[in-house]
Amino acid sequence: MDWLYIFEVSLAGLGAGALYALTGVAFVLIYKATRVVNLAIGEILMLGGYVFFGLVAGAGLSVWAAIPLTILAGAGLGAVVERALIRPMLGESPISVFMVTIGLGSILAGLVELGWGADPLRLPEFIPNTPIFLGEAYVAPKVAYGALVAALLIAGALAALRFSRGGVALRATARDQGAAYSMGIDVGRVFSLSWMAACATAAGAGVIVGAIGGISPTMGIFGLSVLVVVIVGGLDSVAGALVGGLLIGLVEALAGSFLGGEYKLLATFSLLILILMIRPYGIFGTHEIERL
Amino acid sequence: MDAEILLNINNVEVVYNRTIQVLRGLSLRVPKGEIVALLGSNGAGKSTTLKAVSNLLELEDGAVTAGQIEFDGTDLATLTPHGLVRRGLFHVMEGRRIFEDLTVEENLTAATFSLSGRGLPITPFDLVYSYFPRLYERRKGLAGYLSGGEQQMLAIGRALISKPKLILLDEPSLGLSPKLVEEIFTIIARINREQGVSMLLVEQNAAVAFSVASYGYIMEMGKVVIDGPVERLVKDQDVQEFYLGLGGGGAHKSYRDVKHYKRRKRWLS
Amino acid sequence: MRIGTLKLSYAADEALFDTKVQWICLALLGLSLILFPFVAGPYWIYMACLVAINVASATGLNILTGYTGLVSLGQAAFMGVGAYTVAVLETRVGTPFIINLLAAGGMTAAVGVVFGIPSLRVKGLYLAIATIAASMILHFVFSHWDLTGGTRGLSMPPASLFGLALDQPHKLYWLIIPVTALMVLGAANLFRTRIGRAFIAIRDRDISAEVLGIPLLQTKLTSFALSSFYAGVAGGMWAYFFRVVTPESFPLINSIFYLAAIIVGGMGTILGGILGATFMTLVPEVLKLVVGWLTPWVPDALSLLAPIRTIVFGALIVGFLIFEPQGLAEIWQRIRRFFHLWPFRT
Amino acid sequence: MAGLALGAVEARAQAQDEIVLGGSIPLTGVFAFAGVGIHAGIQDYLKLVNDEGGIKGRKIRYVAEDTGYKVDASVAAFNKITSQNKVTLYYGDSTGFAKTINPELERKGTMIMAGASFASELNDPKKFPLQFLPGPDYTEMFGILMRYIAKEKPGASVAFVYSDTEFGRDPIAPSEKLATELGLKVAEKIVTPPGSVDVSTEVLKLRRARPDYTIFHGYVLAPIPEFIQQAKQMGMQSRFMGTFWSMDNSMVQQMGEAADGFMGVMPYRYYYDKEGTSPMLDKIRQMRPEYQSTAYMQGFLTAMLMTEAVKRTLDAGKELTGTNMKASLNTIKDFDTGGIVGVPVSIPGNSLPVGRIYRFDAKQKQMLPASDWIQLGK
Amino acid sequence: MSDGLKRSSRETASPILKVDALSLSFGGLRALSGVSFEVREGSITALIGPNGAGKTSMFNAISGFYRPNTGRIIFDGEDISRERPPSRAKRGLARTFQNIALFRGMTVLDNIKLGRHAHLKTNVLDALFYRGRAHREEMELRAEVEERIIDFLEIQHIRHASVGALPYGLQKRVELARALAMRPRILMLDEPVAGMNREETEDMARFILDVKEEWGITILMVEHDMGMVMDISDHVVVLNFGQVIAQGRPAEVQNDPAVISAYLGSGDLAERIRKTEAA
């Protein structure tokens with residue numbers, strides 16, 4: 001056994017997992033507040049990557065100006081999507097809403113391809129690329145910095161949810177919409193804000209993911225892995241997204257290096273089925289008792 | 001009922017799912033500073049009345065199809081549910097509906113959103129804790145772990161946070177032991193007296209409701225059948241009979257004697 | 001105005017097509033399906049076959065999702081199972097195509113039941129996601145198993161009937177259309193009996209279904225099996241039609257396509273499956289034509305086709321769900337109602 | 001609807017003497033960059049031919065459908081195009097397609113086919129009698145690369161990094177054998193899922209193997225640059241190489257820093273190559289003043305070889321059947337491609353086994369020759 | 001039938017359903033504690049009590065949705081506590097729901113037919129071809145549903161209507177029809193007349209009585225309309241806080257002080273609140 005190698009692989013997996021976790025948090029945010037399973041999260045992430053690319057390569061902005069603008073654009077997209085597509089579906093079956101997000105994903109992927117073509121593109125380099133060594137173990141700098149940013153953002157999201165008044169409003173709405181209304185919480189605004197926050201997060205994650213592996217219209221497939229992450233962690237648990245993300249990152253890395261790259265998806269989706277059979281509501285998810 | 005009227009419900013009809021009519025021309029009034037009790041058997045439409053007032057019907061696919069509800073001089077149809085709360089009308093819903101995975105303190109924080117846009121400062125929760133010292137002891141704990149009585153206290157405590165003019169109380173005694181009911185109703189009365197808050201109290205436990213209310217309405221089948229000052233209702237022999245049907249009397253026609261009608265028809269569409 | 005609607009026996013009242021007008025329409029439809037290959041060009045026959053295969057598969061998914069309320073995003077992968085079964089049997093065993101198609105259905109039904117087992121524990125979205133996992137796993141099996149020819153897939157000889165090779169759409173038409181018609185009729189029959197009613201009951205309210213003596217798991221698995229059977233036979237026909245089966249032939253997006261087809265057509269109506277599959281199959285072709293017309297004016301119009309197709313696909317799903325959740329079938333009913341009353345009310 | 005019917009009628013009203021070149025072209029999807037180039041290359045060459053009156057007065061018409069680089073879509077396009085037109089020549093877009101459509105091609109026997117695939121398996125006239133490759137097959141490409149390596153550093157260790165696709169897996173097994181024959185050591189084989197984004201773990205695997213040379217195959221661009229970059233950051237000294245489809249100038253340029261020194265095998269000359277006389281390249285540069293990709297060259301040359309086969313068949317007074325055209329194709333010997341390929345070419349079997357090693361020069365931002373033209377089997 | 005006669009028959013009849021020391025709790029919350037009562041064959045037994053007393057939990061335990069923590073449910077002499085709802089249904093246990101659990105996507109006719117699901121034998125293959133057994137069974141079922149149930153409940157005019165569009169009272173009747181189609185031995189009605197006006201209630205009361213008398217089906221119901229409960233029940237069980245506080249004939253229960261205080265609240269309590277208030 002080459003322990004250093006296993007350690008390095010695990011680190012790389014955790015780094016990738018941090019990005020899963022970050023996107024997973026965006027996913028959970030929407031689910032918590034609005035009970036919408038947003039399958040378009042991968043495409044929103046992709047759009048983030050492309051907007052960033054457009055701002056830097058197209059409009060010639062500096063990277064540090066483009067990042068906040070990208071995040072802002074994500075928030076704007078979230079607001080529009082919530083208002084135009086999700087609000088009209090209030091009260092419809094969760095499956096219908098889920099399908100609306102699938103449709104949205106398709107629209108976004110098409111728009112991106114229309115605008116930037118189908119070829120994969122590379123984002124301009126902006127992450128420092130001096131190699132990082134933890135002891136003897138090498139960590140790819142992009143992955144390391146990406147993970148660091150993701151960790152900071154997740155910590156921020158957790159803190160905001162836990163300690164801010166807005167976080168209380170969101171958790172209250174998540175728990176019981178009717179009761180939230182009766183507290184004077186503007187539930188519509190909570191919906192809107194949670195979509196904005198989530199899409200902004202996803203767009204930001206898209207910049208990091210794009211910086212690591214390049215961007216392409218098929219990048220939305222990232223969303224599928226995130227779906228596994230949140231199912232494993234529990235759809236409505238931020239902590240679950242964190243643990244699930246790291247776990248899936250790790251599983252993918254280990255499966256990829258010891259079984260071969262083609263086993264990555266197989267490993268995660270087998271894990272998904274397993275979790276569904278033994279803990280259908282995820283590791284940290286709330287088990288909802290069905291009322292008669 | 002000479003005092004200023006805070007809540008005025010006028011001839012309201014409510015229909016659920018576009019088919020089931022629950023309120024059939026209900027009217028009632030809540031004067032400022034008083035507790036009004038709304039009694040009736042299950043399914044009479046008491047909770048629906050409260051939801052109609054707090055504009056929460058929509059969440060259950062119900063709608064006010066006729067009539068008018070005025071709170072503090074404003075037609076409620078023009079307000080959103082949260083906007084209503086921010087005007088000082090707080091609904092303590094049936095089953096308490098506390099946020100179980102939030103702490104006690106966070107539950108109270110959630111209620112501070114009722115102060116938004118009113119120019120009222122968010123004050124510490126001292127007032128709530130002074131009425132319910134037990135909540136203070138458990139303020140860091142998850143609300144889901146509170147006992148039934150404590151949960152009811154928290155539900156009323158959240159109402160207090162909103163500095164309301166009117167509290168709608170839906171069955172605060174539900175599922176509580178007599179001792180707890182006593183404790184909670186004592187506090188309800190105190191809050192009414194000390195804070196000058198008006199209340200519309202829905203109860204099945206008539207005696208307890210009458211002990212704190214000044215005026216009472218009894219409804220059946222979606223409308224008010226009897227109303228009057230509590231002192232009069234208490235003495236009224238009909239009250240028990242009418243809304244619980246206990247001790248059949250008068251010109252009561254037994255359901256056993258309903259006639260049979262039979263028709264036969266053989267075509268199929 | 002509707003006439004001829006008085007019925008005197010239960011059998012007449014329970015018939016699938018209950019008025020004279022409906023029978024006439026049906027006869028006309030049948031006749032035109034028979035005449036079609038003699039008047040239409042090869043392109044149209046090709047499209048008709050493709051539409052029919054998709055109708056068969058969408059009808060299967062409709063049984064599961066539209067009628068039983070179990071959302072599946074694995075229909076395309078299940079079709080893959082059927083297609084591979086046919087390809088393997090055709091190349092290695094050489095059994096007649098009817099046997100192969102039935103075997104494809106049977107094999108897929110078995111696979112469907114296995115992947116339906118999570119419906120014991122989860123439903124709704126979770127189930128949908130479990131079926132995504134199922135299609136990922138099946139894709140892996142297709143592309144890494146020797147029997148299925150790995151990433152290259154399998155190519156196979158055409159179906160043959162009495163020594164005649166069904167190698168052209170206009171020949172396969174006589175295989176595909178009748179099989180699809182039978183399958184659609186079967187589905188319609190299903191919902192006249194206890195089995196179909198039990199499916200709907202589970203969709204509408206599974207708890208009260210249980211009280212009526214409907215065993216949940218067994219009934220759900222029956223639905224999975226039936227739906228997969230349909231997918232398998234459709235996949236088998238697909239294999240005969242394209243004669244090449246590869247792992248890439250049945251991607252997740254195709255499963256989404258079938259789900260979109262029944263949404264657009266109308267969930268839980270037989271007509272919906274037919275209309276939806278037809279519509280969704282034809283839309284990309286129409287787009288192709290439109291883009292073709294644009295070519296002289298718009299440079300690179302052809303390269304815009306794929307993104308536009310993707311956008312229109314998404315927009316159709318979103319648009320129908322928001323504006324016409326009952327789908328095309330409902331629009332059709334509205335038109336029919338209009339003519340029932342016409343000219344007395346317009 | 002009327003328009004649809006019109007389309008069908010139009011298809012049947014095809015002129016009797018027209019020759020149709022059908023194409024399953026990946027104008028969209030992961031291979032779109034190549035498809036667009038191929039599409040333009042074919043069109044341009046046919047335009048040159050048709051402008052000069054076609055072949056013996058018969059014009060060549062090009063009918064293409066987008067496939068999105070999906071096998072089933074390619075097959076669908078093939079079925080559709082061949083059922084509506086009398087197709088003589090066909091361009092297919094992937095290894096998977098070429099292999100899967102082969103039985104059908106043989107059954108029909110009316111056309112010859114070439115395409116974007118250089119799969120080794122196709123390079124067998126017995127198994128694929130009606131297809132040909134307008135260049136060396138992938139194993140031959142690996143062969144050219146490894147011969148170069150063996151000459152430069154005998155006994156070197158090599159790693160193969162390839163995608164989990166038909167395209168990617170194609171040359172691996174035979175090339176392993178060849179490596180042993182050449183005295184090279186295959187240190188590691190790394191499979192990645194196609195279109196993978198994060199390759200950190202794969203790079204770690206590569207570093208552990210410490211190969212002297214790394215050959216990428218089965219990709220267009222991603223994830224090659226990320227691989228190279230991370231490997232360089234880790235201090236790896238490996239030389240990185242690619243096969244035809246990752247060798248286009250604009251692609252390599254997109255690799256950024258990682259591009260410097262990237263090498264690979266190329267059977268055609270680059271657009272900007274001014275060495276010697278090359279009338280065809282001149283014509284191309286005239287028609288299209290901006291850079292044209294190597295995919296364009298591939299499409300252009302394919303169309304050229306196909307029409308040459310048709311011409312030779314007609315010249316011999318034979319019917320345009322698949323077998324006849326393939327036989328005519330095999331008569332091509334020391335054929336001058338007008339400079340598209342640097343040396344005269346022959347098609348002894350199914351492939352055109354010629355190529356050259358190029359290396360990217362970061363200063364000039366161009367691929368520069370690193371070897372002479374290498375003709376296998378000569 | 002005179003009162004005396006009826007009474008004696010009731011007491012000699014054996015219990016068809018026996019609930020024996022049943023306890024049920026959800027995550028620490030006690031819904032039922034040690035509830036025991038019997039339902040005699042051929043009787044109408046009513047389960048009453050204030051909101052949250054555990055009536056619906058009791059129903060759910062009997063029909064098999066909740067598994068009791070302790071105690072047994074004995075149906076026709078057999079312990080069915082461990083059985084799933086479908087097998088209980090097969091034994092002849094039918095129920096309706098408080099908030100109407102009809103299948104809104106189906107017609108009235110199909111809803112009623114569903115009641116017979118467990119008694120039919122059509123398999124998938126029969127169904128697909130709709131020949132032989134499938135056709136025969138469907139026709140027999142249709143005849144029975146039409147001639148016995150639809151006629152009886154007077155819902156001919158709506159048989160082809162979609163359930164979702166029907167008024168509330170009719171929906172309740174359709175649900176009753178569906179339960180009857182199960183050929184039950186005991187019919188459990190959860191608030192059969194809730195939300196109905198006097199006329200609709202009268203209709204429903206008559207149907208319930210007819211079901212008992214003409215069809216010989218035992219009835220167990222939860223109902224809040226005391227007028228109806230007291231008029232038509234043979235036996236009343238009163239629950240409060242998950243416990244039986246009284247049971248007996250309607251007249252007995254009506255005058256039981258424990259029942260009056262459970263419903264009206266205890267006067268003492270009110271008195272004490274008033275006193276504290278005054279102080």
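Chain naming here is simple, since letters A, B, ... match the order of the sequence lines and numbering starts at 1 in each. Computation of the quantities below employed the complete heavy-atom set of this structure, encompassing side-chain atoms and omitting hydrogens, waters and symmetry-equivalent molecules.
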Less than 4.5 Å to any heavy atom of chain C: does that hold for the side chain of [X], its backbone, both, or neither?
X      : result
E/N111 : neither
E/R88  : neither
E/L109 : side chain

- Query: Does C/M107 CE have over 12 foreign heavy atoms under 6.0 Å away?
  - Reply: no

CZ/E/R91: more than 12 non-hydrogen atoms of other groups inside 6.0 Å
yes

[X] versus [Y], closest heavy-atom pair with distance:
X      : Y      : value
E/N123 : C/I195 : C-CD1, 3.9 Å
E/A89  : C/V211 : CB-O, 3.0 Å
C/E210 : E/R84  : OE2-NH2, 2.5 Å

Among residues 174-190 of chain E, those lying within the under-4.5 Å heavy-atom range of chain C are E/R178, E/M182

Just how far is it from atom [atom1] of [X] to atom [atom2] of [Y], taken to the nearest 0.5 Å?
X      : Y      : atom1 : atom2 : answer
C/R205 : E/R104 : CZ    : CZ    : 8.0 Å
E/D110 : C/I200 : CG    : CD1   : 6.5 Å
E/F103 : C/I202 : CZ    : CD1   : 9.0 Å
C/R194 : E/D126 : CZ    : CG    : 9.5 Å

By side-chain hydrogen bond (donor to acceptor under 3.5 Å, both in side chains), E/T45 pairs with (sequence neighbours left out) E/S43

Applying side-chain hydrogen bond (donor to acceptor under 3.5 Å, both in side chains) to C/Y258 and not counting sequence neighbours gives C/N54

- Whether C/S208 side chain and E/A101 backbone form a donor-acceptor pair below 3.5 Å: yes

Check: With distance as the sole test, does C/R197 use its side chain to make a donor-acceptor pair with the main-chain N or O of E/H117 at under 3.5 Å?
Finding: no

Taking a cut-off of under 4.5 angstrom between non-hydrogen atoms, the residues of residues 212-222 of chain C near chain E are C/L212, C/G213, C/I214, C/P215, C/T222

ask   = Could you go step by step and tell me if E/L128 and C/N189 meet the side-chain contact (heavy atoms from CB on, under 4.5 Å) rule?
value = CA-CA 5 Å; E/L128 287 172; C/N189 278 334; 5.8 Å; no

Of E/V124, E/L93, E/L141, the largest count of non-hydrogen pairs under 4.5 angstrom with chain C goes to E/V124

Per-residue tally against chain C (heavy atom, under 4.5 Å) across E/A127, E/A118, E/A143 peaks at E/A127

So, the part of C/L226 with a heavy atom under 4.5 Å from chain E: the answer is side chain

